[in-house]
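The structure appears below as structure tokens.
Atom set for the values below is all heavy atoms of this structure, side chains included, hydrogens, waters and symmetry mates excluded. All residue numbers in this chain count up from 1 along the given sequence.
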Amino acid sequence: MSIYVFVYGTLRAGEINDLALAAARRGLPAARYVGPASVPGRLVDFGDWPGLIPVEDGRRVRGDVFLVEPPLLALMDEIEEYDPALPGCFVRREVRARLEPPSPVRSLACQYYPIDPALRGAAVDIAADDWIRYRMVRQARHIDKTS
């Protein structure tokens, strides 16, 4: 039974936990890319990875939707250090993701990994809606300062 997932941070293509590469390393069936999407929320910066805090104030976070098999979802749980029996920074929940055109589907119920707001610690709020773009700009600024 395939499951839709919304990814917004390190599980996206080209990032440190790239979903396709993680699946290949474990010999799992590849995730099928569905398309770009967004969900209600705001991002926080933990340094090497983002967190998403669900909000109902109109803000949205951009990411990607994939169709995965249960063994890959279990690997995603492992990567995000999610165990439903234990407290942790990331939790797995269901959300309605809004797909972007040209997708003929407007929204899908997806699994995703927001953070428990009580465990955000010193993570910094960011105004950006896309982690990859934010990280790239932040990295470019850092390079400029050290040059």
Side-chain angles (χ1 to χ4, degrees), residues 1-101 103-139 141-142:
M1 178 177 166
S2 297
I3 302 155
Y4 289 104
V5 296
F6 173 82
V7 298
Y8 61 90
T10 66
L11 291 166
R12 291 173 74 186
E15 295 297 297
I16 59 175
N17 291 316
D18 183 310
L19 194 53
L21 296 176
R25 280 193 296 271
R26 292 283 180 96
L28 296 174
R32 186 170 68 85
Y33 182 69
V34 175
S38 66
V39 300
R42 64 183 170 92
L43 291 172
V44 294
D45 183 349
F46 283 97
D48 290 334
W49 65 87
L52 185 155
I53 297 175
V55 297
E56 298 296 330
D57 63 5
R59 288 183 284 180
R60 300 189 70 81
V61 171
R62 297 172 53 97
D64 299 295
V65 172
F66 290 89
L67 190 60
V68 303
E69 298 302 318
L72 187 49
L73 185 64
L75 176 58
M76 293 170 69
D77 286 350
E78 182 181 321
I79 290 168
E80 300 294 0
E81 299 177 356
Y82 168 71
D83 180 335
L86 300 171
C89 184
F90 289 92
V91 296
R92 179 161 43 92
R93 301 286 185 260
E94 186 170 292
V95 67
R96 292 237 33 117
R98 182 188 310 154
L99 278 84
E100 296 179 9
S103 174
V105 178
R106 296 192 72 126
S107 71
L108 289 170
C110 297
Q111 295 293 301
Y112 80 136
Y113 296 89
I115 64 166
D116 177 343
L119 299 177
R120 70 173 281 169
V124 178
D125 288 339
I126 60 177
D129 66 353
D130 186 308
W131 168 254
I132 294 175
R133 279 191 269 163
Y134 167 80
R135 183 188 55 72
M136 292 172 77
V137 167
R138 183 186 68 185
Q139 188 173 2
R141 285 183 183 147
H142 177 73

What's the verdict on side-chain contact (heavy atoms from CB on, under 4.5 Å) for Val61 and Asp129, showing C-alpha distance, side-chain angles and the deciding distance?
-> CA-CA 5 Å; Val61 171; Asp129 66 353; 5.6 Å; no
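- Panel note: side chain Arg32, backbone Leu67; no donor-acceptor pair is recorded below 3.5 Å.
- Proximity of Arg120 to Asp125: side-chain heavy atoms (C-beta onward) are separated by under 4.5 Å at one or more points.
- Inter-residue side-chain proximity for Ile3 and Pro70 is flagged as met; some heavy-atom pair is nearer than 4.5 Å.
- The minimum heavy-atom distance between Val65 and Ala97, with the atom names listed, is CG2-CB, 4.0 Å.
- Rounded to the nearest 0.5 Å, atoms CZ (Arg135) and CZ (Arg12) are 10.0 Å apart.
- Ring-plane geometry between Phe90 and Phe46 is classed as tilted, the angle between the planes lying from 30 to 60 degrees on a 0 to 90 degree scale.
- The CZ atom of Phe6 sits 13.5 Å away from atom OH of Tyr113, with the distance rounded to the nearest 0.5 Å.
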Arg138 and Ile126: CA distance, side-chain angles, deciding distance, side-chain contact (heavy atoms from CB on, under 4.5 Å) verdict | CA-CA 11 Å; Arg138 183 186 68 185; Ile126 60 177; over 6 Å; no
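- Note that the CZ atom of Arg62 and the CZ atom of Arg60 stand 10.5 Å from one another [nearest 0.5 Å].
- Of the candidates Leu11, Leu19, Leu28, Leu28 is the only one forming a side chain to side chain contact (heavy atoms under 4.5 Å, CB included) with Leu75.
- Ring geometry for Tyr134 against Trp131 counts as tilted: the plane angle lies between 30° and 60°, on a 0 to 90° scale.
- For the pair Tyr8 (side chain) and Leu52 (backbone), a donor-acceptor distance under 3.5 Å is present.
- Counting heavy-atom neighbours within 6.0 Å of Arg106 CZ, excluding the residue itself, gives a total of 12 or less.
- Without hydrogens or angle criteria, Arg59 side chain to Leu43 main chain gives no donor-acceptor distance under 3.5 Å.
- In this structure the side chain of Thr10 reaches within 4.5 angstrom of the side chain of Pro50, judged on heavy atoms.
- In this structure, Asp45 and Gly47 approach most closely via the heavy-atom pair OD1-N, 2.6 Å.
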Kindly indicate, with the supporting measurements, whether the criterion side-chain contact (heavy atoms from CB on, under 4.5 Å) is fulfilled by Met76 and Arg92.
-> CA-CA 10 Å; Met76 293 170 69; Arg92 179 161 43 92; over 6 Å; no
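- With rounding to the nearest 0.5 angstrom, the CD1 atom of Ile53 is 4.0 Å from the CD1 atom of Ile115.
- Between Cys89 and Glu81, the closest side-chain pair of non-hydrogen atoms is not below 4.5 Å.
- Of all heavy-atom pairs between Ala30 and Ala23, the closest is CA-CB, 4.4 Å.
- Between the CG atom of Leu21 and the CD atom of Glu15 there is a distance of 11.5 Å, given to the nearest 0.5 Å.
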Full working for side-chain contact (heavy atoms from CB on, under 4.5 Å) between Glu94 and Cys110 | CA-CA 5 Å; Glu94 186 170 292; Cys110 297; over 6 Å; no
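- Between Ile132 and Ala13, the shortest heavy-atom distance links the atoms CD1-O, 4.3 Å.
- Asp57 CG: more than 12 foreign heavy atoms inside a 6.0 Å radius.
- Note that CD of Glu69 and CE of Met1 are 10.5 Å apart. Values are rounded to the nearest 0.5 Å.
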